[in-house]
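Below is one structure, written out as structure tokens; the observations come after it.
The structure presented is a predicted model; accordingly, all values stated were derived computationally and were not measured. Order of listing sets the numbers, starting from 1, for every ligand and every atom in it.
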Amino acid sequence: MFTLHGIPASPGHAVARIHRIIREETKVRRRDLVAGEVETEIEVFRAALNQARSQISALVARLSDQLGQDEVAILDSQLLILEDELLVDRTEERIRTNLMGAEGALHDTMGDLIHQFDTLEDDYFRERVLDLRDVEERLLRRLQGIDDRPLQLPTHPHVLVTGDLTPSETASIGRTQVRAFVLGSGSKTSHVAILARSLGVPAVVGLGDQLAILDNANLVAVDGETGEVIVEPDSATIARVRQLSQKQITVNAKLEHLRDLPAETPDGRRLGMLTNIELPLEVEMARAAGAEGVGLLRTEYIYFQHQTIPSEEEQLAVYREIIDGMDGRAVLFRTLDVGGDKIQRYLGARKESNPFLGWRGIRFLLANRPLLKTQLRAVYRAAAHGPTRLMFPMITGVDELREAKELCRESCDELAAEGLDHDPGIPVGIMIETPSAAAVADLLARECDFFSIGTNDLIQYTLAMDRLNSRVAYLYQPLHPAILRSMKSIVAEAHAAGITVGICGEMASETKYAEVLLGLGFDDISVHAAQLPKIKQVVRWTPMPEAEGLLAELMSFATADEAVRHHESYLEAKKRRRNEGTGS
Ligand code: PEP
Ligand code: MG
């Protein structure tokens, strides 16, 4: 028995054998040919070119009416690269003259082209470098016969171990036999971790090279609270882990009586308790937890479950299912937020060198207006069937908000002209998740109906820490003075403008921050369903002066560490008092 240590990313415990997926990476496999192999190798290369061309042409045919012109132009330019004589002839020449295998020949030819483009000053050519890299990756995958099909998982209970999973892969796993995720990369706020929490599956991430030791024969005990992965646990450890999961079930059962009670402090301050969901299957969990509504529907996962962009009618059907399921409680739709770690090739998204600073959220949507309009139409139509709100991700300033709202108006005008049932009056808000939006919160508040703070991104961008990079995960510091100040001023600006402000980042789902959020004055908080009862319980125990006093103390510190230490001693003292039965 030995223990690996990672970042605890989704609570819960599990014991099962592992299923390890080792990714076939598109590394260039170089080999030397003998003269007799040349013609066959050239045939292999041409076949890969043809397959890549048909893949891209099929994408263009399917998506040209949804994606913006620029995105279709990108795919078209990749087609041109595949036809380019420089690429084709020089690769074939290398195969023939240097007796190189196709992969090495392709890589060297691409290297030359990229070098030529890279040295040009012109931005246009620099951009083409991304296309060249993308085309090379696509061709290498074809040459290596790498399958782009979804993951194939065992049908027995297992712990899924792999270097990384994309959010769309995680969404496709849904509720299968996966008992826990153990991943090499990621942090608490990577989207895989968030989805694992939503699905109620324990996860430990950021294990890096430690995974190399594991193979499919291993039995592991995963502790999603401490980040421990115990390999070949002895019987005492297995019993302890099973007991811990049983304890969790008991805690949840004990809190069941809270389900229909409001999240109200003893002195009468009421907080809206909402849930974050990604997939329709979570509606049931949201209701069972007593959610008063959905405070963040990450609609991108609905797209990820389709092989291509879902049509307006397809979206309408899913949105209605969610609205009907919430039975009169409002659903907050966030428009598609792709980019960052949520790239989906069929949407034309590409690998970028700084993806979280790149083509993401509202930037992607405004560049792909037909796609955004399709989604807006579906949301406005679904809104005719129950209370609905709408918000936009990654807003950095008023101009983006105005453009997005203009598209809302256009969509409603079209629906009215077509005589389709819809509700044009739904509240329209924005996520505040960029430092820029935080800085101009007063200007934004004048032009929208509500704010929702996305702390995952607000912390990432404010503290300049990549939310996927486990090396800088320690900088995820919700109590950092920069974050507390930023949130306090966003709340103040929202209230000064008479609009409501909520929070839907992962910080809200951590029970330990409930008093801090109360002190900050949020109107509603949106959390994972599994966390909702515990957080509601804390709210019901905490008078406002206590929460405000705590916040004032935390904000008096110059460093996050000092604030964390003070916060921990506050929580310990509170726990002691409760155990002794002497008050809040
Ligand atoms: C956030 O950034 O806090 C948020 C809720 O959005 P996402 O995690 O989907 O980026
Ligand atoms: Mg975000």
Side-chain angles (χ1 to χ4, degrees), residues 9-10 166-168 170-171 186-199 203 205 274-279 282 293-304 331-344 349 355-365 389-396 400 429-438 441 450-469 473 475-478 480 483 486-487 490-491 501-510 513 517 520 522 524-529 531:
S10 173
T166 64
S168 49
T170 321
S187 71
K188 270 189 183 176
T189 52
S190 52
H191 283 98
V192 175
I194 293 172
L195 206 55
R197 284 196 284 277
S198 283
L199 296 168
V205 303
L274 314 172
T275 49
N276 293 353
I277 71 172
E278 282 77 33
L279 301 167
E282 292 168 65
V294 171
L296 169 64
L297 170 58
R298 288 185 166 95
T299 56
E300 48 276 9
Y301 291 91
I302 291 163
Y303 286 66
F304 293 168
V331 178
L332 171 48
F333 290 82
R334 178 177 75 184
T335 54
L336 182 65
D337 181 21
V338 280
D341 59 340
K342 294 181 285 193
I343 54 171
Q344 190 74 346
F356 279 107
L357 299 182
W359 206 42
R360 225 202 129 182
I362 194 69
R363 304 168 183 182
F364 176 88
L365 294 172
R389 294 193 289 162
L390 174 69
M391 72 174 168
F392 296 103
M394 260 303 268
I395 293 282
T396 54
E400 288 162 337
I430 56 172
M431 303 249 342
I432 302 282
E433 51 184 354
T434 64
S436 155
F450 64 90
F451 285 165
S452 180
I453 298 186
T455 41
N456 306 335
D457 280 316
L458 188 63
I459 295 175
Q460 146 166 274
Y461 294 128
T462 306
L463 299 184
M465 49 81 60
D466 177 349
R467 64 193 266 190
L468 297 187
N469 185 339
L475 278 169
Y476 174 75
Q477 294 170 327
H480 191 290
I483 303 302
S486 174
M487 288 198 289
I490 297 165
V491 172
V501 52
I503 172 170
C504 61
E506 292 308 293
M507 178 187 183
S509 287
E510 290 194 65
Y513 294 127
L517 302 183
L520 279 164
F522 284 103
D524 50 65
I525 68 175
S526 191
V527 307
H528 293 283
Q531 291 297 100

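- Ring-plane geometry between His191 and Tyr301 is classed as tilted, the angle between the planes lying from 30 to 60 degrees on a 0 to 90 degree scale.
- Counting heavy atoms from C-beta outward, Ile453 and Ile490 have side chains that approach closer than 4.5 Å.
- Applying the ring-ring contact (aromatic ring centres under 6.0 Å, His included) test to Tyr513 and every residue at least two apart in sequence or in another chain returns His567.
- In this view, Ile483 and Ile459, Thr462, Leu463, His480, Met487 satisfy the side chain to side chain contact (heavy atoms under 4.5 Å, CB included) rule, not counting sequence neighbours.
- With contacts defined as side-chain heavy-atom distances shorter than 4.5 Å, the pair Pro478/Glu506 does not qualify.
- Excluding waters, the count of protein N/O/S atoms less than 2.8 Å from the Mg ion (ligand 2) comes to 2.
- Contact of the Leu296 side chain with the Arg298 side chain is registered, since non-hydrogen atoms from C-beta on lie closer than 4.5 Å.
- Ion pairing between Asp457 and Arg467 holds under the 4.0 Å rule for side-chain N and carboxylate O.
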Need the list: ligand 1 N/O atoms against protein N/O atoms, distance under 3.5 Å, rounded to one decimal.
| unit_1 | atom_1 | unit_2 | atom_2 | d |
| --- | --- | --- | --- | --- |
| ligand 1 | 2 (O) | Glu433 | OE1 | 2.9 |
| ligand 1 | 2 (O) | Asp457 | N | 3.0 |
| ligand 1 | 2 (O) | Asp457 | OD2 | 3.0 |
| ligand 1 | 3 (O) | Gly454 | O | 3.4 |
| ligand 1 | 3 (O) | Thr455 | N | 3.1 |
| ligand 1 | 3 (O) | Asn456 | N | 2.8 |
| ligand 1 | 3 (O) | Asn456 | ND2 | 3.2 |
| ligand 1 | 6 (O) | Arg334 | NH1 | 2.9 |
| ligand 1 | 8 (O) | His191 | NE2 | 3.3 |
| ligand 1 | 8 (O) | Arg298 | NH2 | 2.8 |
| ligand 1 | 8 (O) | Asn456 | ND2 | 2.9 |
| ligand 1 | 8 (O) | Arg467 | NH2 | 2.8 |
| ligand 1 | 9 (O) | His191 | NE2 | 3.0 |
| ligand 1 | 9 (O) | Arg298 | NE | 2.7 |
| ligand 1 | 9 (O) | Arg298 | NH2 | 3.4 |
| ligand 1 | 9 (O) | Arg334 | NH1 | 3.2 |
| ligand 1 | 9 (O) | Arg334 | NH2 | 2.8 |
| ligand 1 | 9 (O) | Lys342 | NZ | 3.3 |
| ligand 1 | 10 (O) | His191 | NE2 | 3.2 |
| ligand 1 | 10 (O) | Arg360 | NH2 | 3.2 |
| ligand 1 | 10 (O) | Asp457 | OD2 | 2.9 |
| ligand 1 | 10 (O) | Arg467 | NH1 | 3.0 |

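- Exactly one residue among Ser509, Ser198, Ser526 makes a side-chain hydrogen bond (donor to acceptor under 3.5 Å, both in side chains) with Asn276. That residue is Ser526.
- Between Met391 and Phe450 the shortest side-chain heavy-atom distance falls below 4.5 Å.
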